[in-house]
Number of protein chains: 2
Amino acid sequence: MDDDPRVRTWAPVCQAVAALLGPYAEVVLHDPGTDRIMAVWNPMSARGPGDPSLLGELDALDPSAPDVFGPYEKLLADGRRLSSVSAILRDPDGRASVVLCVNLDRTPLEQAAAVLSAFGAPTVSRPEPLFEHDWSERVQHVVGSYVRECGRPVERLTRADRLAVLARLDEAKVFAVRRATPVVAGALRVSRSTLYGLLAELRAPNAKDHAR
Amino acid sequence: MDDDPRVRTWAPVCQAVAALLGPYAEVVLHDPGTDRIMAVWNPMSARGPGDPSLLGELDALDPSAPDVFGPYEKLLADGRRLSSVSAILRDPDGRASVVLCVNLDRTPLEQAAAVLSAFGAPTVSRPEPLFEHDWSERVQHVVGSYVRECGRPVERLTRADRLAVLARLDEAKVFAVRRATPVVAGALRVSRSTLYGLLAELRAPNAKDHAR
DNA sequence: TCCATGGCTGGACTCTATGTCCAATCTGGA
DNA sequence: TCCAGATTGGACATAGAGTCCAGCCATGGA
């Protein structure tokens, strides 16, 4: 079934829709000729390829009907409410090739909507954390916690220690801040040259790692 | 453009997706050959048929690449965050026929999620805010919220508007970040020179404040 | 004690990014 | 149409980032 050329043609679309809508949407390809399911992505019911489509109501052969139906509501056996859309997909000659159905489980949305409407929807807007106001304090803090972790004062840190601290600072994008280098060098009690040396070593994970 | 046979082939799918996702999703068909937009449903930006696709990164001609990308995050000029999925759709011979992109505006979902997460998990404690990982996105966001506040697109902002945005960005210490100036200038659709001009005006509270 | 080694240092140097300035151009309004 | 003010690209000056190196410790082994 998977090697039906029609499935190959339409699969990427189905896969894309399924990926976009995450776990809450089921995508089904029907064969209008045999009225059976050809393929399913994200199945929500037990239906699978080969099962009957039960699409009787939409007549793919009526040329006057529109190609896209819905969204209309369906009800699953367990009570979940679905929004469904169907589309008749045609081959280059205009013949109905397959019928695509997308079924979206509305319950999570309805739950969310219920909660939202319970408030008057004043739409919470965070006041924006924005940027760290005192990034140099932050540097001191990173160095400080490391010092406390290993119990050695800054002056006694080993080369490896400084590399570790630098890794954290670099990770935290500290060096994207202007004039950060001298501050960090100061905090680590190291010269600017050394700082750049360590940094280079840190950022070149190749060569020279015989130490590991 | 509408009578391109490829558009006829794929239009029902696009229309279905657009119908299913209501007003919050944009569906775009790209021509991988000319790298231009062929058709758009539910347009969210000003792009239309014939405009360049700006899809450079996904190479439709690389046969080893997967056919479906995403979902990945995109940022609109006005700051809205999108979930995007792209799929390469092929003709019966396996040649890339068109590229389908579905862009879902996440802001309503995020607002809902924010409210929902406010229940449960009292006071999420982030383990060290550290630095903003993507500060340029932050810039986009500040510009974006302003644009939405005053309802004018970036291109139509007045001089005073730009001053106001700059004040916010300056307040947020954006210019303490390396290489921020060109990014901000770009976001405001203004040249570097102008940027510095506005900035100077902003930071000189003396003289010329007859306006207060 | 002496020497060898490896990391650290200051400083010179290059190059990129920042910020200033200006003449030419654009734009909106009288 | 013309004018005043805003905007622009580009030239320029300078500061900061990053590299390099010769010399200087400190450590540890002979």
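Labels below follow one simple rule: chain letters A, B, ... track the order of the sequence lines, proteins then strands, and each chain is numbered from 1. Just so it is clear, the model here is predicted, and its values are computed rather than measured. The basis for the numbers below is simple: all heavy atoms, side chains too, and nothing from hydrogens, waters or symmetry mates.
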Counting only side-chain N and O atoms of B/R159, is one of them less than 4.0 Å from OP1 or OP2 of D/dT7?
->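 So the side-chain polar atoms of B/R159 do come within 4.0 Å of the phosphate oxygens OP1 or OP2 of D/dT7, strictly under.
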
To the side chain of A/S191, which of D/dT8, C/dG10, D/dG16 is closest?
->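 Taking heavy atoms from C-beta onward, the closest nucleotide is C/dG10.
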
Shortest side-chain distance from A/R179, nucleotide among D/dA6, C/dC8, D/dA17 |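 Between D/dA6, C/dC8, D/dA17, the one nearest the side chain of A/R179 would be D/dA17.
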
What are the two closest heavy atoms between A/R159 and A/L198, and how far apart are they?
->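 Smallest interatomic distance, heavy atoms only, reads NH1-CD2, 3.7 Å.
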
Minimum-distance pair of heavy atoms, taken over all atoms of B/P12 and B/T9 =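 Nearest pair, atom of B/P12 first, then B/T9: CD-O, 3.5 Å.
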
Contact nearer the 5' end of DNA chain C, comparing A/R178 with A/L198 |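 Closer to the 5' end of DNA chain C: A/L198.
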
Report the distance from atom [atom1] of [X] to atom [atom2] of [N], rounded to the nearest whole Å.
{"X": "B/L199", "N": "C/dA17", "atom1": "CG", "atom2": "C1'", "result": "16 Å"}
{"X": "B/Y196", "N": "C/dC22", "atom1": "OH", "atom2": "P", "result": "17 Å"}
{"X": "A/R203", "N": "D/dT19", "atom1": "CZ", "atom2": "C1'", "result": "14 Å"}
{"X": "B/R156", "N": "D/dA6", "atom1": "CZ", "atom2": "P", "result": "20 Å"}
{"X": "A/E201", "N": "D/dC20", "atom1": "CD", "atom2": "C1'", "result": "17 Å"}
{"X": "A/L157", "N": "C/dG7", "atom1": "CG", "atom2": "P", "result": "17 Å"}
{"X": "A/R189", "N": "C/dG10", "atom1": "CZ", "atom2": "C1'", "result": "19 Å"}
{"X": "A/L188", "N": "C/dG7", "atom1": "CG", "atom2": "P", "result": "17 Å"}

Tabulate protein N/O versus nucleotide N/O from nucleotides 12-16 of chain C, keeping only pairs under 3.5 Å, one per line.
none

Could you state the interatomic distance from CG (B/L89) to CH2 (B/W10), rounded to the nearest 0.5 Å?
->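 Reported to 0.5 Å precision, the distance equals 4.5 Å.
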
Pairing of B/R156 and B/D161 as salt bridge, 4.0 angstrom limit =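 So B/R156 does not pair with B/D161 through a salt bridge.
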
N/O donor-acceptor pair under 3.5 Å between B/D31 side chain and B/M38 backbone |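 The answer is no, because no donor-acceptor pair under 3.5 Å joins these two groups.
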
Taking the side chain from B/R162 and the backbone from B/L157, do they hold a donor-acceptor pair closer than 3.5 Å?
->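 Yes, B/R162 side chain to B/L157 backbone: donor-acceptor pair under 3.5 Å.
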
Measure the shortest side-chain to side-chain distance between A/N103 and A/V28 over non-hydrogen atoms and say whether it is less than 4.5 angstrom.
->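 Side chain of A/N103 against side chain of A/V28, heavy atoms only: contact under 4.5 Å found.
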
On DNA chain D, check which nucleotide each of B/V190 and A/A180 is closest to and give me the residue with the more 5' one.
->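 Closer to the 5' end of DNA chain D: B/V190.
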
